[in-house]
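Data block below; observations after.
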Amino acid sequence: MKSIVYSTRLSYDKNYKGPDEIILEIWIENLRICINEKNMAFTSQSPRTAINHFGTFNLPDKFCEGVKTLIESREIFEAGNVKVFTNLRVQLKQNKSQHTIIKK
């Protein structure tokens with residue numbers, strides 16, 4: 001799949017809290033997905049703010065579909081994980097003075 005290679009700053013990612021660092025990133029055009037050298041993969045309607053553009057090339061379709069599956073799976077996990085721990089906290093607060101078996 002057609003992909004665009006560019007450099008960007010991690011600080012452009014609103015979820016990133018670390019030092020300002022320049023990294024290589026690839027935007028997979030057909031899937032509207034970014035991947036970078038920090039093992040991050042996420043959806044993006046367009047390439048993020050680029051410092052330098054290095055051109056385009058084709059990534060194997062199988063790899064790109066794997067990245068898409070990873071992102072979709074992570075989104076399902078994250079949504080479910082929030083629900084599990086929210087409900088778990090409620091149950092534990094109700095029984096905070098005792099050891100308890102958590103029921104479904």
Side-chain angles (χ1 to χ4, degrees):
M1 290 185 189
K2 182 179 174 189
S3 304
I4 298 170
V5 182
Y6 56 95
S7 61
T8 190
R9 293 183 187 279
L10 273 176
S11 59
Y12 293 147
D13 183 341
K14 55 188 158 197
N15 297 321
Y16 181 72
K17 306 288 187 225
D20 191 21
E21 183 178 351
I22 297 173
I23 60 167
L24 288 176
E25 192 159 270
I26 299 170
W27 183 66
I28 304 167
E29 185 175 37
N30 293 0
L31 300 178
R32 304 213 178 284
I33 290 174
C34 288
I35 59 174
N36 64 40
E37 64 182 308
K38 295 293 185 180
N39 292 326
M40 298 166 73
F42 51 91
T43 58
S44 180
Q45 289 303 309
S46 61
R48 296 195 299 167
T49 304
I51 297 167
N52 292 306
H53 285 274
F54 299 111
T56 62
F57 72 105
N58 286 317
L59 281 172
D61 290 352
K62 187 172 184 176
F63 172 77
C64 294
E65 290 299 327
V67 174
K68 180 181 175 187
T69 300
L70 170 72
I71 291 170
E72 290 169 347
S73 297
R74 185 177 62 221
E75 289 170 353
I76 292 167
F77 163 74
E78 289 172 352
N81 197 49
V82 167
K83 290 177 185 175
V84 166
F85 281 95
T86 298
N87 291 330
L88 183 60
R89 284 189 179 281
V90 169
Q91 289 185 27
L92 291 173
K93 283 181 182 178
Q94 291 171 353
N95 301 304
K96 65 182 175 183
S97 64
Q98 60 187 356
H99 290 281
T100 186
I101 295 174
I102 299 171
K103 300 175 185 174
K104 291 184 192 179

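Computed from a prediction, not measured in an experiment: that's the story for all the values here.
Partner I4 forms a side-chain contact (heavy atoms from CB on, under 4.5 Å) with one of I26, I28, T56 and no other, that one being T56.
Applying the salt bridge (Lys or Arg N to Asp or Glu O under 4.0 Å) criterion to E29, with sequence neighbours excluded, gives K2. Applying the salt bridge (Lys or Arg N to Asp or Glu O under 4.0 Å) rule to E78 yields the partners R74; only residues at least two apart in sequence or on another chain are considered.
Hydrophobic clustering of Ile, Leu, Val, Met, Phe, Trp and Tyr side chains at less than 4.5 Å, counting indirect connections, unites M1 with F57. Side-chain heavy atoms closer than 4.5 Å link hydrophobic residues (I, L, V, M, F, W, Y) into clusters, and following such links, even through other members, never connects I23 to V5.
Annotation: the span from R48 atom CZ to Y6 atom OH amounts to 6.0 Å, rounded to 0.5 Å.
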Name each donor-acceptor pair under 3.5 Å that joins a side chain in residues 30-39 to protein atoms two or more places apart or in another chain, with its distance.
{"residue": "R32", "atom": "NH1", "partner": "Q45", "partner atom": "O", "Å": "3.3"}
{"residue": "N36", "atom": "OD1", "partner": "K38", "partner atom": "N", "Å": "2.9"}
{"residue": "N36", "atom": "OD1", "partner": "M40", "partner atom": "N", "Å": "3.3"}
{"residue": "N36", "atom": "ND2", "partner": "E25", "partner atom": "OE1", "Å": "3.1"}
{"residue": "E37", "atom": "OE2", "partner": "L24", "partner atom": "N", "Å": "2.6"}
{"residue": "K38", "atom": "NZ", "partner": "E21", "partner atom": "OE2", "Å": "2.9"}

Which atom pairs, one a donor and one an acceptor, fall under 3.5 Å between side chains of residues 80-89 and the rest of the protein, sequence neighbours left out?
{"residue": "T86", "atom": "OG1", "partner": "V82", "partner atom": "O", "Å": "2.7"}
{"residue": "N87", "atom": "ND2", "partner": "K83", "partner atom": "O", "Å": "3.2"}

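I22 belongs to a hydrophobic cluster whose remaining members, ordered by chain and number, are I51; membership requires side-chain heavy atoms of ILVMFWY residues under 4.5 Å apart, directly or through intermediates.
Within the structure, the salt bridge (charged side-chain N to carboxylate O under 4.0 Å, His left out) test picks out no pair touching residues 53-67 (sequence neighbours left out).
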